[in-house]
There are 2 protein chains.
Amino acid sequence: MKSTGVTIADVAREAGVSPMTVSRSLREPARVSAKSRERIAEVIERLGYVPDPAARALAAGRTNVIGVIIPSVTNNVFSDVMRGIYGVIENSPWQVQLGNSRYVAETEEALTRTFLSQRPAGLIVSGVDQTRKTRELLINAPCRVVQIMELGEAPIDMMVGFSHREAARVATQHLFDKGYRRPAFLAARVDPRTKRRMAGFEDVVRTAGAFDPSRILATSAPSSAALGRTLMAELLDNAPETDSVLCNNDDLALGALFECLHRGIDVPNAIGICGFNDLEMMAVAYPTITSVKTYREEMGRIAATMILETLKGIEPEEPVVDLGFDVMSRQSTAKLL
Amino acid sequence: MKSTGVTIADVAREAGVSPMTVSRSLREPARVSAKSRERIAEVIERLGYVPDPAARALAAGRTNVIGVIIPSVTNNVFSDVMRGIYGVIENSPWQVQLGNSRYVAETEEALTRTFLSQRPAGLIVSGVDQTRKTRELLINAPCRVVQIMELGEAPIDMMVGFSHREAARVATQHLFDKGYRRPAFLAARVDPRTKRRMAGFEDVVRTAGAFDPSRILATSAPSSAALGRTLMAELLDNAPETDSVLCNNDDLALGALFECLHRGIDVPNAIGICGFNDLEMMAVAYPTITSVKTYREEMGRIAATMILETLKGIEPEEPVVDLGFDVMSRQSTAKLL
DNA sequence: TCAATAAATGGTAGCGCTAACATTTGTCAA
DNA sequence: TTGACAAATGTTAGCGCTACCATTTATTGA
């Protein structure tokens with residue numbers, strides 16, 4: 001059944017030591033004499049021994065699994081975060097276990113329960129909107145927990161993210177600073193982060209006395225450039241006084257731009273466009289597109305690093321990391337004044 | 001140490017049966033009387049029992065892990081494939097374990113070894129270019145194996161993909177059919193699939209007597225729209241007679257388009273552009289971009305389904321599935337004749 | 001030289017579950 | 001009513017490893 005079939009006992013016998021010494025030389029080499037260590041290493045190499053993680057987990061009462069719970073595998077934002085996580089974990093003895101909550105709180109709770117029952121080495125969860133029960137599970141978790149994506153009031157343990165509301169505020173203010181007066185907001189499937197961005201948009205627009213609900217478009221469809229075109233078309237038809245759009249992400253922004261190009265609308269002079277996330281493409285589009293740069297891969301990297309460090313007994317200097325954001329001002333909002 | 005602490009013995013005691021009956025009611029409910037089954041289910045629910053996968057794996061000699069080895073987590077193509085795999089596996093008792101070979105054959109071999117030592121329930125690997133040793137490991141694997149991404153001569157076990165060479169041939173022929181005579185080929189980091197596409201391009205271009213190495217551009221940099229612009233700029237400067245480009249993927253195609261737009265070059269009349277993969281965005285770009293549609297998510301879905309089916313004892317009707325491709329002809333190659 | 005101490009190693013038990021076989025209980029025909 | 005057989009359940013042993021504690025061996029200072 002097993003491919004290699006080599007167990008720790010085989011290695012021990014061959015190296016002339018007890019299984020315990022082999023086990024130690026693998027996990028705490030400093031506690032084994034150099035001579036034994038070398039001999040054991042040689043035998044391991046020769047026999048092609050690979051420790052059985054299941055046996056190890058059962059005996060040690062913990063696994064080498066770092067659980068990651070995200071609400072979507074479709075959303076590129078999470079692919080970027082995962083990339084950051086994988087980058088850190090790839091060359092460590094730990095492994096990632098991915099769970100997809102599909103934006104359903106009950107699923108998230110079930111996943112949390114399942115993950116915890118596996119005694120993970122650490123847990124990375126998305127957002128701050130867990131159910132009370134999930135929160136409780138995580139607070140009592142026998143491992144460290146990092147919340148990613150956003151910042152919030154009461155961190156369960158550690159946290160890496162940025163303020164979506166503040167980012168949207170700054171982006172909206174950017175539109176006003178560039179001379180736009182009647183900005184709209186486009187969003188696809190509304191998740192908690194989107195809600196906060198929408199709130200940030202509203203904050204600034206209300207302050208400027210330019211609030212108009214007909215310039216806020218959201219749908220339940222998943223985000224795409226095609227949807228960006230559709231929403232933009234709808235916006236132009238129903239709220240023709242609109243002079244700029246803040247898009248909840250860059251797919252929508254690209255779609256919005258394409259719709260304008262198709263209609264022969266002058267971007268940025270007739271319509272200004274600002275995206276969110278700053279995909280690599282925004283800087284090379286024609287015209288180049290203003291976007292709020294977010295640090296998604298870095299978020300994953302830092303979260304994973306925090307887990308690995310605490311596993312080594314090193315506490316992070318700051319348990320809550322604000323990665324911030326940057327509005328990358330480009331041609332799509334460079335209106336002639 | 002353990003969060004729930006509830007074991008199968010606790011459930012058994014509470015339900016008034018032996019642990020074995022509990023175990024069976026979970027794995028082979030048909031072999032347990034309805035009465036016991038219900039009682040056990042009630043107790044499990046009440047105590048919040050979750051089986052320990054490590055103990056299960058150790059006792060049963062196999063895990064619920066389906067290993068997936070891909071060469072890149074950065075490349076969107078693989079995100080799409082992973083999405084398909086996750087979609088199928090998410091609601092099953094199986095779990096995905098991802099390994100990144102980084103296009104290094106030795107890493108792939110090491111990953112294969114590690115995965116196999118964990119006695120996976122199945123294995124999904126990318127491509128057909130394994131080392132001899134890796135192939136051998138996979139052929140003797142104690143689980144089913146699916147090769148994805150492309151088709152090849154000697155399948156290790158099962159296979160889902162399409163012919164990249166043929167796809168590039170058809171795409172190149174499309175350019176000629178549309179009236180272009182001096183097509184170029186743009187590629188980023190060259191992997192085995194890219195190589196085959198390049199060969200397909202060359203096949204057709206040579207047959208047409210239009211082969212010119214100065215119209216084949218490849219680099220070691222990872223693919224991006226920015227790179228597409230750079231390569232397109234280089235191409236326009238060094239091979240100005242070029243009248244069309246086949247891009248190895250859609251990022252490059254978008255970049256190429258943007259470069260043309262920036263330079264005021266008429267697409268499709270001065271330059272025709274064809275991408276590869278047919279990202280959702282290609283159909284809504286301005287102009288819309290011709291691309292070779294590939295079925296990436298479906299590839300993952302089918303591969304995962306094949307594994308799950310064989311796990312249930314159901315053999316696939318065809319062990320080798322050719323997903324084909326489709327050239328989506330759009331404005332970017334609709335030259336006025 | 002010899003205790004006292006540290007360093008290295010080993011023995012025992014058990015993690016939670018399931019395979020394989022053993023036993024008990026239920027069902028049915030004669 | 002009983003034996004034959006199937007269905008349901010139980011018993012035993014062990015998967016491969018590590019925690020814990022016991023023992024052996026090396027090292028040191030007086």
Side-chain angles (χ1 to χ4, degrees), chain A residues 1-40 43-44 47-65 93 114 116-121 142, chain B residues 1-40 43-44 47-65 93 114 116-121 142:
Chain A
M1 175 119 262
K2 187 161 179 196
S3 59
T4 107
V6 182
T7 74
I8 203 169
D10 300 329
V11 176
R13 196 176 327 106
E14 197 79 2
V17 295
S18 77
M20 231 9 258
T21 304
V22 176
S23 174
R24 257 195 294 262
S25 90
L26 252 28
R27 291 170 301 109
E28 306 169 276
R31 289 190 47 195
V32 175
S33 70
K35 207 163 51 133
S36 302
R37 219 184 311 138
E38 278 160 34
R39 194 138 31 90
I40 291 168
V43 174
I44 286 178
L47 302 187
Y49 168 70
V50 182
D52 181 329
R56 193 172 253 191
L58 188 57
R62 59 190 134 68
T63 62
N64 65 340
V65 169
T114 307
L116 285 178
S117 82
Q118 297 178 30
R119 286 164 284 178
Chain B
M1 175 120 264
K2 188 161 177 194
S3 59
T4 108
V6 183
T7 72
I8 204 168
D10 300 328
V11 176
R13 197 175 328 105
E14 196 80 2
V17 295
S18 78
M20 213 34 237
T21 305
V22 177
S23 173
R24 259 194 292 261
S25 91
L26 252 26
R27 292 171 301 110
E28 305 170 277
R31 291 191 44 194
V32 175
S33 71
K35 208 164 50 135
S36 302
R37 220 184 310 136
E38 278 161 33
R39 194 139 31 90
I40 290 168
V43 174
I44 286 177
L47 301 187
Y49 167 70
V50 182
D52 181 329
R56 194 171 253 191
L58 188 58
R62 59 190 135 69
T63 63
N64 66 340
V65 169
T114 306
L116 285 177
S117 82
Q118 297 178 31
R119 285 164 284 177

Could you list the protein-to-nucleotides 23-26 of chain C atom pairs, N/O on both sides, closer than 3.5 Å?
none

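Between the B:Arg37 side chain and the B:Pro29 main chain, a donor and an acceptor come within less than 3.5 Å of each other. Distance alone, capped at 3.5 Å, places no donor-acceptor pair between the A:Arg31 side chain and the A:Ser25 backbone.
Atom CD1 of A:Ile40 is separated from atom NZ of A:Lys35 by 11.5 Å, given to the nearest 0.5 angstrom. A distance of 10.5 Å separates CZ of A:Arg24 from OG of A:Ser36, quoted to the nearest 0.5 Å. One finds the CZ atom of A:Arg39 at 11.0 Å from the CD atom of A:Glu14 (value rounded to the nearest 0.5 Å). In this structure, the separation between OG on B:Ser33 and CD on B:Glu38 is 9.0 Å, given to the nearest 0.5 Å.
One interatomic measurement links the two molecules: CD of A:Gln118 to P of C:dG16, which rounds to 15 Å at whole-angstrom precision. When rounded to the nearest whole Å, the span between CZ of B:Arg39 and P of D:dA8 equals 14 Å. Summarising the geometry, the separation between CD1 on B:Ile44 and P on C:dC17 is reported as 10 Å, rounded to the nearest angstrom.
In the region residues 12-20 of chain B, proximity to DNA chain D at under 4.0 angstrom, judged on heavy atoms, holds for B:Val17, B:Ser18, B:Met20. For the segment residues 21-30 of chain B, the set of residues with a heavy atom within less than 4.0 Å of an atom of DNA chain C comprises B:Ser23, B:Arg27, in numerical order.
Considering all non-hydrogen atoms of both residues, B:Tyr49 and B:Thr7 come closest at CE1-C, 3.6 Å. The shortest heavy-atom contact between A:Leu58 and B:Ala54 is N-CB, 4.1 Å.
Looking at residues two or more places apart in sequence or on another chain, you find no salt bridge (charged side-chain N to carboxylate O under 4.0 Å, His left out) involving A:Arg27. The side chain to side chain contact (heavy atoms under 4.5 Å, CB included) check on A:Val65 picks up A:Thr63, A:Gln97, with sequence neighbours excluded.
Considering only side-chain atoms of A:Arg56, the nucleotide from C:dC17, D:dC17, D:dA19 that sits closest is D:dC17. Checking C:dC15, D:dA8, D:dC15 against every side-chain atom of A:Leu58, the shortest atom distance belongs to C:dC15.
Between B:Ala34 and A:Ile8, it is B:Ala34 whose nearest contact on DNA chain D lies nearer the 5' terminus. Along DNA chain C, the nucleotide nearest to B:Arg31 and the one nearest to B:Ala54 differ in position, and the one closer to the 5' end is contacted by B:Ala54.
In this model, the phosphate group of D:dC15 is not approached by any side-chain N or O of A:Thr7 to a distance below 4.0 Å at OP1 or OP2. Under 4.0 angstrom from either OP1 or OP2 of C:dA8 there lies no side-chain N or O belonging to A:Ser36. Not one side-chain nitrogen or oxygen of B:Ser33 sits closer than 4.0 Å to the OP1 or OP2 atom of D:dA7.
Residues A:Ser117 and B:Val6 fail the side-chain proximity criterion, which asks for heavy atoms closer than 4.5 Å. Residues A:Ile44 and A:Leu26 meet the side-chain proximity criterion, which asks for heavy atoms closer than 4.5 Å. Side chains of A:Pro120 and A:Asn64 form no contact here, defined as non-hydrogen atoms less than 4.5 Å apart.
From one end of the helix from C:dT1-D:dA30 to C:dA30-D:dT1 to the other, with five pairs defining each end axis, the axis direction shifts by 30° (rounded to 10°).
Screening B:Asp10, B:Val32, B:Ile8 for a side-chain contact (heavy atoms from CB on, under 4.5 Å) involving B:Val22 leaves a single residue, B:Ile8.
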